[in-house]
Amino acid sequence: MTDQHHAGATVPAIDLDAHDLHDPVVDHDHDDELVPTHSPYDYDLGDRNPTEDIFLAERPWGHFQQFVSNEQVTVKIITVHPGHRLSLQKHDHRGEMWQVLDVPIDITVDDRSWLAQPGETVWVPRGATHRMGNSGEQPGRLLEVAFGLFDESDIERLQDDYVR
């Protein structure tokens, strides 16, 4: 795996037994796993790979996966129709983390292209050339968490099927 790609299945699990989402979580055995290893300034610049801080917490009713905590981010769910793709683009002011939700999605980050599977997490560093597309037969969704200054005018389109 590269710093641009992190499979969600490799996220460390934290067993928190009887706690649920309404209870404060105090788990001294795992404090080191719950503390981000980077400064908030790194998040603001969009320069760090937040997939390094993802963790999975077990509960009696199931589990949850935590992507970010107490940071300024912009969150979207992007739906890509079959046979369509977003522009090949880059951003000067933000990095993006994508989690594939439904169906495999075609991903390009800089010189690497692959078919990302549901549950896979992808890091797109600030300034990286990137694109997502859907060569399948069903709509596909991705959760996008953007780190850094978020402004749609920060999109620099290098190629665009829709001539925008």
Side-chain angles (χ1 to χ4, degrees), residues 1-13 21 36-57 59 62-164:
M1 283 187 222
T2 69
D3 347 328
Q4 300 165 348
H5 173 252
H6 181 86
T10 61
V11 172
L21 286 174
T37 57
H38 299 86
S39 76
Y41 185 67
D42 293 332
Y43 274 110
D44 292 343
L45 290 175
D47 280 341
R48 61 167 298 292
N49 182 342
T51 62
E52 296 167 1
D53 294 332
I54 296 173
F55 69 88
L56 181 69
R59 300 289 197 223
H63 63 271
F64 67 86
Q65 192 174 10
Q66 184 168 315
F67 297 102
V68 65
S69 179
N70 299 320
E71 300 296 338
Q72 182 175 339
V73 297
T74 300
V75 179
K76 298 180 185 178
I77 292 182
I78 298 172
T79 301
V80 185
H81 294 296
H84 290 265
R85 61 186 182 170
L86 282 71
S87 61
L88 182 66
Q89 58 186 258
K90 62 183 182 175
H91 311 289
D92 289 333
H93 301 289
R94 69 177 185 260
E96 298 174 342
M97 182 184 72
W98 301 338
Q99 173 102 24
V100 179
L101 298 177
D102 307 306
V103 300
I105 295 291
D106 303 301
I107 301 291
T108 297
V109 178
D110 284 333
D111 295 330
R112 182 167 179 240
S113 295
W114 73 98
L115 187 63
Q117 299 302 310
E120 191 169 329
T121 301
V122 177
W123 173 238
V124 180
R126 179 173 61 103
T129 301
H130 61 280
R131 167 182 267 165
M132 64 180 76
N134 185 351
S135 57
E137 297 182 8
Q138 300 175 51
R141 297 179 309 146
L142 292 94
L143 173 71
E144 177 185 276
V145 181
F147 295 83
L149 178 63
F150 188 89
D151 185 342
E152 288 292 338
S153 67
D154 183 38
I155 299 172
E156 180 184 342
R157 288 187 174 86
L158 307 171
Q159 294 176 358
D160 187 30
D161 297 346
Y162 307 102
V163 194
R164 291 174 289 166

*Asks:* Check step by step if side-chain contact (heavy atoms from CB on, under 4.5 Å) holds for V73 and F67.
*Replies:* CA-CA 11 Å; V73 297; F67 297 102; over 6 Å; no
*Asks:* Atom CZ of F150 and atom CD of E144: how far apart are they, to the nearest 0.5 Å?
*Replies:*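 Separation between the atoms: 6.0 Å.
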*Asks:* Would you confirm whether D154, through its side chain, and D92, through its main-chain N or O, come within 3.5 Å as a donor-acceptor pair?
*Replies:*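 Confirmed, D154 side chain pairs with D92 backbone.
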*Asks:* How far apart are the closest heavy atoms of W123 and E96, and which atoms are they?
*Replies:*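 Of all heavy-atom pairs spanning W123 and E96, the closest is CE3-O, 3.1 Å.
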*Asks:* Between G136 and P82, what is the shortest heavy-atom contact and its length?
*Replies:*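 Nearest heavy atoms, G136 then P82: O-CB, 3.3 Å.
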*Asks:* For Q65 and H63, test the side chains for any donor-to-acceptor distance below 3.5 angstrom and give the result as yes or no.
*Replies:*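 H63 and Q65 do not have a side-chain donor-acceptor pair below 3.5 Å.
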*Asks:* Is it true that E152 and R164 make a salt bridge, defined as a side-chain N closer than 4.0 Å to a carboxylate O?
*Replies:*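 Looking at E152 and R164, the cut-off is not met.
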*Asks:* Evaluate side-chain contact (heavy atoms from CB on, under 4.5 Å) for L143 paired with V75, printing each intermediate quantity in order.
*Replies:* CA-CA 7 Å; L143 173 71; V75 179; 3.7 Å; yes
*Asks:* Tell me if a side-chain donor or acceptor on D106 pairs with a main-chain N or O of M132 at a distance below 3.5 Å.
*Replies:*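 Side chain of D106 to backbone of M132, a donor-acceptor pair under 3.5 Å: no, none is there.
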*Asks:* When rounded to the nearest 0.5 angstrom, what distance separates CD in Q159 from OG in S87?
*Replies:*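 It is 9.5 Å, given to the nearest 0.5 Å.
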*Asks:* Is the ring pair H91/H130 parallel, tilted or perpendicular, if the boundaries are 30 and 60 degrees?
*Replies:*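 The arrangement is tilted - the two ring planes meet at 30° to 60°.
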*Asks:* Search all heavy atoms of V103 against all heavy atoms of G140 and return the closest pair with its distance.
*Replies:*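 Closest pair (atom of V103, atom of G140, distance): CG2-CA, 3.4 Å.
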*Asks:* Quick check: do Y162 and H84 have side-chain heavy atoms less than 4.5 Å from each other?
*Replies:*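 In short, these two side chains touch, coming nearer than 4.5 Å.
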*Asks:* Please round to the nearest 0.5 Å and tell me the distance separating atom CG of D160 and atom CZ of R131.
*Replies:*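 Here the rounded value is 8.0 Å.
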*Asks:* Between R85 and D161, does the side-chain contact (heavy atoms from CB on, under 4.5 Å) criterion hold? Intermediate values first, please.
*Replies:* CA-CA 8 Å; R85 61 186 182 170; D161 297 346; 2.8 Å; yes
*Asks:* Do the side chain of R94 and the main chain of D151 share a donor and acceptor less than 3.5 angstrom apart?
*Replies:*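 At least one qualifying donor-acceptor pair exists.
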*Asks:* Ignoring hydrogens, what is the shortest heavy-atom contact between G119 and Q99? Give both atom names and the distance.
*Replies:*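 Nearest heavy atoms, G119 then Q99: O-NE2, 2.8 Å.
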*Asks:* To the closest 0.5 Å, what do you measure between CG (L142) and CG (L101)?
*Replies:*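 Rounded to the nearest 0.5 Å, the CG-CG separation comes out at 6.5 Å.
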*Asks:* Between V109 and W114, does a side-chain contact (heavy atoms from CB on, under 4.5 Å) hold up when you go through it step by step?
*Replies:* CA-CA 9 Å; V109 178; W114 73 98; 4.1 Å; yes
*Asks:* Quick one: does T129's side chain get under 4.5 Å of L88's, heavy atoms only?
*Replies:*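 In short, these two side chains touch, coming nearer than 4.5 Å.
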*Asks:* Taking all non-hydrogen atoms of both residues, which atom of P104 and which atom of Q117 are closest, and how far apart?
*Replies:*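 Closest approach of P104 to Q117, heavy atoms only: CG-OE1, 3.6 Å.
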*Asks:* Heavy atoms only: give me the nearest K90-A128 pair and the separation to one decimal.
*Replies:*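 Minimum heavy-atom separation between K90 and A128: CB-O, 3.3 Å.
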*Asks:* Say you draw a straight line from CE of M97 to CD1 of I54; how long is it, rounded to the nearest 0.5 Å?
*Replies:*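 M97 atom CE to I54 atom CD1 measures 4.5 Å (nearest 0.5 Å).
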*Asks:* Using only atom types and a distance under 3.5 Å, with no angle test, would you say the side chain of R126 pairs donor to acceptor with the backbone of H93?
*Replies:*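 No; judged by distance alone, with no hydrogens or angles, the pair does not exist.
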